[in-house]
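Structure record follows, encoded as structure tokens.
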Amino acid sequence: MKKHPFFRPLFLFIFFLFFLTGCGSKKTSSDEPPVYVPLQVLVPSADGKEVLGNPPLTLDISNKEQGYMIAQANESASSINIQMTGPDGILYTYFVSEGTDAVIPFTGGEGSYQILCYQQVSGNKYAALCSHTLEVSLENPFLPYLYPNQYVDFTPESEACLLAQSMLPDDASDLDGLDAVYNYVISNITYDEEKAQNIEAGYLPDIDETLSSGTGICFDYAALMTAMLRARDIPCKLQIGYTSDIKHAWIDVYIRSRGWVNHAISFDGESWNRMDPTFDSNADDQKEIQVYIGDGNNYTVQFTR
């Protein structure tokens, strides 16, 4: 098997063929994700009420309780590098180009975040710009996995979100939503081997481009499915890491009243099997891919977006 970035979209999905009570309920407790009626694509906002730093880079933390901040680099900023370590101890790196904004999620959960910001001097050389310590308390722990961010970028007008919301009635269960989105992806998106061989560092998916072209690498698959599920108010984590020694991107999905589902398991009525969109749509590679999929122990998460 060739080893190159994001070789296969081995991302997570669970498909129960039995009925689960409580899905799609109207619970508002922080023990469960918020439920929006009608379905709602959440939109990040830089309100300017609470801001860290000064130009060329400001961090709008007005809505930190919603699970994100917005980094704003002005036109003279050159490239900005933001390094953030949260309560989970994982170091996250984000790059923000001059004159742009970036939504940065607090995927480490509640607690203290150490933020270091650098500005590009030349090439790969960066100079220290500022540092901040930020205490985050979330209104609901699932919000970082419902909003868009720099890696899973979408809006209420995104074609992928409009498609996801049109697939089923607003009151359809989480399982029906998962089923509809998953089957659409495996039926309409094919793996782009050439793109995988030539992917550049710093690549970020464009979900509507993946949707319109019908092709992508595992990062594209994962971002597209994450956006579509979040558009249906289904919390979803875009996971980046490795399966064996191959770089991968996949997803974890939250099923109300059942919890987070990790490592893509499906039930066919008799036995449990691992599911993967490209695996299902490219029958020729099934045996080879299964070696890397294994029983889930091969998965190693580096970053959650």
Side-chain angles (χ1 to χ4, degrees), residues 30 33-34 36 40-120 126-156 158 161 202 204-205 207 223 226-227 230-231 233 235-240 254 301-305:
S30 61
Y36 302 98
Q40 180 178 340
V41 174
L42 302 185
V43 180
S45 175
D47 298 337
K49 297 176 181 178
E50 191 173 1
V51 177
L52 299 177
N54 297 287
L57 175 70
T58 57
L59 304 176
D60 192 310
I61 59 171
S62 303
N63 297 291
K64 61 182 182 295
E65 74 283 351
Q66 293 290 303
Y68 67 87
M69 68 178 180
I70 298 181
Q72 300 176 302
N74 68 15
E75 294 293 342
S76 62
S78 67
S79 181
I80 297 291
N81 172 230
I82 299 174
Q83 297 186 8
M84 182 172 74
T85 304
D88 56 1
I90 299 174
L91 174 63
Y92 286 84
T93 298
Y94 293 88
F95 289 92
V96 188
S97 301
E98 58 271 21
T100 63
D101 295 351
V103 179
I104 298 177
F106 298 126
T107 52
E110 293 189 328
S112 181
Y113 286 78
Q114 303 298 318
I115 304 170
L116 301 175
C117 305
Y118 302 87
Q119 183 172 12
Q120 185 181 36
Y126 285 77
L129 191 60
C130 57
S131 64
H132 306 281
T133 298
L134 179 62
E135 296 297 326
V136 174
S137 179
L138 299 175
E139 181 180 300
N140 185 292
F142 297 94
L143 287 171
Y145 314 113
L146 288 171
Y147 274 97
N149 60 56
Q150 189 184 52
Y151 280 70
V152 189
D153 191 12
F154 58 90
T155 71
S158 297
C161 295
L204 294 174
I207 62 166
T226 298
R230 290 181 184 180
D233 297 337
C236 185
K237 297 178 181 179
L238 190 159
Q239 305 285 32
I240 298 173
Y254 187 85
V301 177
Q302 285 186 301
F303 307 109
T304 300
R305 308 290 189 176

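Atom set for the values below is all heavy atoms of this structure, side chains included, hydrogens, waters and symmetry mates excluded. In this text the structure is predicted, and so the values were computed from the model without any measurement.
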I need the [X] [atom1] to [Y] [atom2] distance, nearest 0.5 Å.
| X | Y | atom1 | atom2 | result |
| --- | --- | --- | --- | --- |
| Ile90 | Met84 | CD1 | CE | 10.5 Å |
| Met69 | Asn63 | CE | CG | 13.0 Å |
| Leu146 | Thr226 | CG | OG1 | 11.5 Å |

Report task. Report the residues that fulfil ring-ring contact (aromatic ring centres under 6.0 Å, His included) with Phe303, sequence neighbours left out, ordered by chain and then residue number. Result -> Tyr92
So which atom in [X] and which in [Y] form the shortest heavy-atom distance, rounded to 0.1 Å?
| X | Y | value |
| --- | --- | --- |
| Ala46 | Gln72 | CB-NE2, 3.6 Å |
| Lys237 | Arg230 | CA-NH2, 4.3 Å |
| Pro148 | Pro44 | CG-CD, 3.5 Å |

For residues [X] and [Y], determine if any side-chain heavy atom of one lies less than 4.5 Å from a side-chain heavy atom of the other.
| X | Y | result |
| --- | --- | --- |
| Asn149 | Tyr68 | no |
| Pro156 | Cys161 | no |
| Asp233 | Pro33 | no |
| Gln119 | Leu57 | no |
| Leu138 | Leu143 | no |
| Ile82 | Ile115 | yes |

Sequence neighbours excluded, which residues qualify as side chain to side chain donor-acceptor pair (under 3.5 Å) partners of [X]?
| X | answer |
| --- | --- |
| Arg305 | Tyr94, Tyr151 |
| Tyr118 | none |
| Gln66 | Glu139, Tyr147 |
| Asn81 | Gln83 |

Using the test side-chain contact (heavy atoms from CB on, under 4.5 Å), find all partners of [X] that sit at least two apart in sequence or belong to another chain.
| X | value |
| --- | --- |
| Ser79 | Phe95, Gln120, Tyr126 |
| Asn74 | Pro55, Pro56, Ser76, Ala77 |
| Val51 | Thr58, Asp60 |
| Ala227 | Val152, Phe154, Ile207 |

**Report entry** is_close_aromatic(Tyr254, Tyr145), centroid dist under 6.0 Å
**Finding:** no
Query raised in the report: Among all residues two or more places apart in sequence or in another chain, which pass the salt bridge (charged side-chain N to carboxylate O under 4.0 Å, His left out) test with Glu65?
Result: none
Run the side-chain donor-acceptor check on residues 98-108: report pairs under 3.5 Å with partners two or more places apart or on a different chain.
{"unit_1": "Thr100", "atom_1": "OG1", "unit_2": "Ser97", "atom_2": "N", "d": "3.3"}
{"unit_1": "Thr100", "atom_1": "OG1", "unit_2": "Ser97", "atom_2": "O", "d": "2.5"}
{"unit_1": "Thr107", "atom_1": "OG1", "unit_2": "Thr304", "atom_2": "O", "d": "3.1"}

Per-pair distances, 0.1 Å, donor-acceptor, side chain in residues 127-135, under 3.5 Å, sequence neighbours excluded:
{"unit_1": "Thr133", "atom_1": "OG1", "unit_2": "Gln114", "atom_2": "OE1", "d": "2.9"}
{"unit_1": "Glu135", "atom_1": "OE2", "unit_2": "Ser112", "atom_2": "OG", "d": "3.1"}

